[in-house]
Amino acid sequence: MSAKDKRKNVKAEAEIGFVTTISFPSVGSAGQTGSWRIFKPVKNEERCNECLLCWIYCPEACITKKLSINYDYCKGCGICAVECPRNAIQMVKEEKQ
Amino acid sequence: MRLKDLPEEELFLQGSAACQGCPGSMALRVAFKALGRNTLLVVIASCISVLQSPFPVSALDLPVLNMAFASGGAVASGISAAVRRLKKRGVFTEEPTVLVWAGDGGTYDIGIQALSGAAERNTNFIYVCYNNEAYSNTGTQRSGATPYAAWTTNTVSGKQEWRKDVAQIMVAHNVPYVATASLAYPMDFYQKMQKAKSIPGTKYIEILAPCPPAWKFPSEATVQVSRLAVQSGLWLLYECENGHTHYTSGTARLIEGRSSAKPVEEYLRMQGRFRHLFSPEKDEKRVGEIQERISGIVESLKFTAKMREHIMDLEIMPRP
Amino acid sequence: MKIIDTANHAVAYAAKLARVEVVSAYPITPQTQIIEEISRLIDEGIMDCEYIPVESEHSAQAALIGASATGVRVFSATSSHGLAYMHELLHWAAAVRLPIVMVNVNRAMGPGWNIWCDHQDAIAARDTGWIQLYCASHQECVDTLIQAFRIAEDHRVIMPVMVNYDAFVLSHTYMKVEFPEQETVDLFLPELDPMWKLDLDNPMTHGSVIYPDDYEEVRFSMQQAHGNARKVISEAAAEYRVIVGNYHGDLTEEFMTEDAEHIIVAMGSIASEAKMAVKQLREEGLACGVVRIRSYRPFPVEELQRVMRGKRTLVVIDRDCSFGLEGALFSDVKAASYGHSDARAYNLITGLGGRDITYGLLAGAVRAAVEGKAETVRWPALRLNEHHLASKRGVEAAWQGRQKRSAS
């Protein structure tokens, strides 16, 4: 929910109906978690032999099975770089704007 | 089966509230791939309660019931009974898998009664304990799973007692399937989850979950620490089907002599929670005690494996 | 079908009539007969239901939550320590918004193992969000249990309901009960239509972290559900009266209140003694009446305001104590009638741990109140007997012995 949506509060002392703690599946449920990153994984396509270890080890499901990295949500933990048997992923310092 | 055979579909959605390098979300991803969409998930109070993200969104793309700390096994008994009813009524064509996901606090300590009860009733469900060896969610206090000598916020000079072994307690319940797993061996974990799915009755799977903030190691090392736990012989990978135990993956290699155990010191040194064992000087006594205990277990397993080659029919596997 | 049986056996059969699909329960005196009877009914093929013999009451309630969340009608029964042991999950069951129905056979709390009746157990669970209904006869137990599912499952409500009745006075005594036919119950109680459930086609997550910005509305929704329940309880009672034929009152049952100057308020089977007391007092020229609380939560605020208008005396009987204050029901009745009545208010805390309360004792206590000779809060049956004195003497002697030894 964006901050803008949050401001659209309903004055609700009359009948608010059935409100309980039910949530719905959503990508980016904790926001653009890519902003947590200090180091960024960068893939060297030539070295990669598509062993899929980075895919399965990524705690955040940010490396797809087709081995593209989603930087919107990648938190930069660095596991992919450490686990890559061919050193095909380097952690590079983020340049903050 | 190889990694490329694992399903592409993600039921754990990116952009969750998990910490960097979280073992919990990593384990959930593999488990979800093994079980698929036809799964009802119960999350017991733990980091998973938080990392699925706050109301009204969720990183878990399954029907999820968050439940109180001490209730894991029991809530599964309720869901499982209801599932049987709904199957009978034709609401479900295929019975969904009931999966309870709890931490070591919710399993070893406050939840062991409900788990034991559900196991004794042979409730049809899979119970996964992701064991990060402490109450990490509340800021790292000791649990019954915290290992000897480990720092936590309420064992500041190191825990004085040895951990208990709930996987073996579950073996003693005579449930059809008990297994241990490691994040470093995802295929082993995946196959165990798949096997659990295919067996009716109570299935208990425990996965060691090295937690970067609680164990005090950098977020990139979650898998490395997991692997060293197995390679040192400290964390044993096995499955116990109807009372028959066999060791798998890295642990099998260790027992069969295909690889030699790494010194546990290497594992301990990676983690800030054991820093007091090495700084300002090495605590030979406690490090020695830990190594001795592990070596004793591994040696006895090797011995039993050798014996087994000679006495095939005799079940004399020691409890790890 | 007419039988003569205990209330416990009767509610077990009522659960069958309600087509309960999952029962999970743990034995505790005086509830045990209910679950024994249910397992017999299932075993003999009379009841089509899953019975989960859980290992604790905490687990009993957890299993109910799980089963109800999966979308089936559920039932359990407990008592006293059992209710206390599941207290955490009473909160959970209410806030998770599931139509769980449970019997609580009202029994005293230990220590001092006392299996007999008082209301301390349910009163201590007052603020969990559960609807609490109290019965005063075997027939009412049966009828209220069937109505409880209707109330809980109504989409204006969706809250768990606790049906309370008194240990032994009702639970174990044999009385005549008439069961409605299954088809009649089916007419009154339609199939469960869950407001939400664990739905494979619509995955949703229930009960994760919720921040201060969002939480209060969840609680307000529960409060409004209780507000709606007032109407739904009355509707259920009225419709049950038409379809089945029995009626025991709405949120309250009133006895000779219309021309009364003095009102006794009571809950549970002790209301029968209160009615007897009223008859005696009326013969003596005191215009008394009884309001029996059937629904303790939601509390019958409007009913009490209406009844108490212009009355001279209010006497509230509590089979519980909110320690440090007074009887909990007394506080509630006073709060409800505040600004609507100038009646002088008196509280009788009595009948704790199954102490026998006669209508004569109640009549005497009410007369004293009417005549202005009573303390505001009285424990009218109180007396120190030989057992208390022997125990006191023993404790004092042991203490004095320790004093002497530490002095020497």
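Given the structure is predicted, the values throughout are model-derived calculations rather than measurements. Just so we're on the same page: letters track the sequence lines, and every chain starts at 1.
The SG atom of Cys77(A) sits 6.5 Å away from atom CE of Met26(B), with the distance rounded to the nearest 0.5 Å. To the nearest 0.5 angstrom, Ser29(A) atom OG is 11.0 Å from Asp61(B) atom CG. Rounding to the nearest 0.5 angstrom, the gap separating the CG atom in Leu6(B) from the CG atom in Leu52(A) is 9.0 Å. Taking SG of Cys22(B) as the reference point, atom NZ of Lys75(A) lies at 7.5 Å (rounded to 0.5 Å). The distance from atom CD of Glu60(A) to atom OG of Ser25(B), rounded to the nearest 0.5 Å, is 5.5 Å.
Proximity of Ile56(A) to Pro186(B): side-chain heavy atoms (C-beta onward) are separated by under 4.5 Å at one or more points. Residues Phe55(B) and Ile22(A) form no side-chain contact, since every pair of their non-hydrogen atoms from C-beta on lies 4.5 Å or further apart.
Comparing Ser26(A), Gly76(A), Gly31(A), Cys80(A) by how many heavy-atom pairs each has under 4.5 Å with chain B, the most go to Ser26(A). Between chain B and the options Pro59(A), Gly78(A), Cys62(A), heavy-atom pairs under 4.5 Å are most frequent for Pro59(A).
For chain B, the nearby parts of Leu53(A) are the backbone and the side chain; heavy atoms of each come within less than 4.5 Å. Contact of Val223(B) with chain A is made through backbone and side chain together, with heavy-atom distances under 4.5 Å. Only the backbone of Pro7(B) comes within contact range of chain A, with heavy atoms under 4.5 Å apart. For Leu3(B), the parts lying under 4.5 angstrom from a heavy atom of chain A are both the backbone and the side chain. Only the backbone of Cys51(A) comes within contact range of chain B, with at least one heavy atom under 4.5 Å from a heavy atom of that chain. For a residue to count as touching a neighbouring chain, one of its non-hydrogen atoms must lie under 4.5 Å from one of that chain's; by this rule Asn70(A) touches chain B with the side chain only. For Val82(A), the part lying under 4.5 angstrom from a heavy atom of chain B is the side chain only.
Heavy atoms from other residues, nucleotides or ligands lying under 6.0 Å from CZ of Arg258(B) number more than 12.
Without hydrogens or angle criteria, Ser58(B) side chain to Ser23(A) main chain gives no donor-acceptor distance under 3.5 Å. Judged by distance alone, with hydrogens and angles left aside, the side-chain atoms of Gln14(B) form a donor-acceptor pair with the main-chain N or O of Ala61(A) at under 3.5 Å. Judged by distance alone, with hydrogens and angles left aside, the side-chain atoms of Lys4(B) form no donor-acceptor pair with the main-chain N or O of Glu50(A) at under 3.5 Å.
Ion pair Glu8(B)/Lys66(A) flagged as a salt bridge, since at least one NZ, NE, NH1 or NH2 atom sits closer than 4.0 Å to an Asp/Glu carboxylate oxygen. For Glu83(A) and Arg227(B), the salt-bridge test passes: some basic side-chain N is under 4.0 Å from an acidic carboxylate O.
Ser53(B) and Ala30(A) make their closest contact through OG-N, 3.5 Å (heavy atoms, listed as atom of the first residue, atom of the second, distance). When all heavy atoms are compared, the tightest approach of Gln20(B) to Trp36(A) is NE2-O, 3.6 Å.
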If you apply the rule side chain to side chain contact (heavy atoms under 4.5 Å, CB included), what do you find for Tyr57(A) with Leu183(B), and how did you get there?
CA-CA 8 Å; Tyr57(A) 283 137; Leu183(B) 292 167; 5.7 Å; no
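Listed by first and then second residue, the side chain to side chain donor-acceptor pair (under 3.5 Å) pairs that reach into residues 215-224 of chain B come to none, sequence neighbours excluded.
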